[in-house]
A.B. asks: 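First the structure, then my questions, so here it is.
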Amino acid sequence: MFGFFKKNKGPFSATLRPSGQTITVKGGSSENLLKAALDAGIKWPYSCRVGSCGTCKCKLASGQIKPLNDFSYVLSGEELDAGYILACQTMLKSDIEVEVETLDGANGVDLAKSRSLDGTITQVTPLTHDIVEVQIELDGNLDDYLAGQYADLALPGVVDRARSYSFSRAPSQGKPNQVSFFIRRVKNGKLTEWLHSADRVGERIVLDGPHGSFYLRDPSGPILLVAGGSGLAPIRALLQQIADEGRAIDTTLIFGARTQKDLYCLDDINSFASRSKGKFQFIPVLSVETNETGWPGAVGNCPDAITPDMLELENSHAYLCGPPIMIDAAVDRLKAIGLKDTQIFFDKFLDASSMPGGRA
Ligand SMILES: Cc1cc2nc3c(=O)[nH]c(=O)nc-3n(C[C@H](O)[C@H](O)[C@H](O)COP(=O)(O)OP(=O)(O)OC[C@H]3O[C@@H](n4cnc5c(N)ncnc54)[C@H](O)[C@@H]3O)c2cc1C
Ligand code: FES
């Protein structure tokens, strides 16, 4: 006699350790663990949401899951052996228990739930030959994002999926319905080629945000900021927040670019230098210039400019933003110096070419 068991299609429960919170996750491929947690108001750390950055990792203690993408793209062999998974790439096949360090406690801040708002592009200002600042006036207020976070911008009819962009201003710097972004032109990139190729003032967009867990923690030592290219956007927002709140934080900013004409926002950086209550050191690093081309400053790749004297091993935090290759090199360097994972925060500016499986 044959027994037929009905396959359990969910929904399933995920119990989080050590907090003990339990959330419900839809079965099948309709909902991943990260989305269910964020919808339930859990402050789960995340950045890319496409399985590329590793920020959402957690440890599976029990239960069965179905990975959407191969975790080994970002998790090490040791992490995989220890049971780590990526929440944004995890569907549930049973009830599970996971261990995750949520953003409550010492570094807890009020992370606003994301929402969708329509808006209009009101200004596009060139910052360099391939980076523009885009100002957007929203139809409603977005007054509770944090400096460092990002939003998804959708342009129906131009791109079929939204692209992520970091807010380039601290909320304290503008009206609650005004936001701005630094957007670099990417060769053959759908959204950025469209934006850079004609006057786009007056075009309508849809913004979804805020997103991400890249924001200023309470440091007990000096902080290091490393920005590459348009990665200066959230870093400028952090500098504005520090100055506007009058915080006495010793800060080193390393800004990586190709040539002298790729440096921008130097007035903002000077303004921070004069307003900062802590010590401030600015190190622009150019990868294509040489001292023979008349550049008197540092040359090479910006992660190589990180030195131990910029940091206090137990107390410092490092904030990194820019291309994935730069972030990976900077994280390696910081770890070699002795910083722990918990002291390093980053947003990788991934595009379709650097996501697992690509995304058109
Ligand atoms: C959290 C986050 C924050 C970000 N913040 C910023 C920011 O502040 N400023 C900024 O400039 N950028 C930022 N980015 C990058 C941004 O989201 C876009 O990816 C970037 O602007 C390119 O968009 P695009 O539509 O022009 O390019 P896309 O059309 O997405 O193409 C990008 C590149 O990938 C190639 N490509 C397209 N499809 C595939 C495929 N299937 N396989 C392989 N290659 C493919 C294209 O030819 C092109 O070279 C951020 C990214 C993330 C994840
Ligand atoms: S948020 Fe899951 S890997 Fe980036």
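Note that ligands are numbered from 1 as they come in the structure, with each ligand's atoms numbered from 1 the same way. Since this is a predicted model, take the numbers as computed values, not measurements.
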A.B. asks: Give the numbers and elements of all ligand 1 atoms closer than 4.0 Å to a heavy atom of I183.
C.D. replies: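 Answer, ordered by atom number: 11 (O).
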
A.B. asks: Does only the side chain of R185 get under 4.0 Å from ligand 1, or the backbone, or both, or neither? Count heavy atoms.
C.D. replies: neither

A.B. asks: Quick check on contacts: which atoms of ligand 1 are under 4.0 angstrom from a heavy atom of K187?
C.D. replies: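 Reading through ligand 1 atom by atom, the close ones are 48 (C), 49 (O).
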
A.B. asks: Walk me through whether F255 and Y264 qualify under ring-ring contact (aromatic ring centres under 6.0 Å, His included).
C.D. replies: CA-CA 10 Å; F255 180 18; Y264 62 100; 5.5 Å; yes

A.B. asks: Report, in ascending order of atom number, the atoms of ligand 1 lying under 4.0 Å from any heavy atom of G189.
C.D. replies: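 Per the distance check, 24 (P), 26 (O), 27 (O), 28 (P), 29 (O), 31 (O).
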
A.B. asks: Take I254 and L225 through the side-chain contact (heavy atoms from CB on, under 4.5 Å) test and state the conclusion after the steps.
C.D. replies: CA-CA 6 Å; I254 298 177; L225 309 175; over 6 Å; no

A.B. asks: Only heavy atoms of R161, strictly under 4.0 Å: list the atoms of ligand 1 that pass.
C.D. replies: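 Result: 30 (O).
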
A.B. asks: I need the contact type for F182 against ligand 1. Using non-hydrogen atoms and a strict under-4.0 Å cut-off, is it side chain, backbone, both or neither?
C.D. replies: backbone

A.B. asks: Out of A352, S230, S164, whose heavy atom sits nearest atom 13 (C) of ligand 1?
C.D. replies: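 It is S164 whose heavy atom sits nearest to atom 13 (C) of ligand 1.
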
A.B. asks: Taking only heavy atoms of Y150, which atoms of ligand 1 are found under 4.0 Å from at least one of them?
C.D. replies: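 Here the atoms of ligand 1 in question are 1 (C).
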
A.B. asks: Look only at interatomic distance and state if L350 has a nitrogen or oxygen under 3.5 Å from any nitrogen or oxygen of ligand 1.
C.D. replies: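 Between L350 and ligand 1 (N or O atoms, distance only) the closest approach is under 3.5 Å.
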
A.B. asks: Distance only, no hydrogens: is a donor on one side chain within 3.5 Å (strictly under) of an acceptor on the other, for H317 and D218?
C.D. replies: no

A.B. asks: Identify which protein N/O/S atoms are less than 2.8 Å from atom 4 (Fe) of ligand 2.
C.D. replies: C48 SG, C53 SG

A.B. asks: Counting heavy atoms only, name the option from R163, E193, R49, R184 that's nearest to atom 30 (O) of ligand 1.
C.D. replies: R163

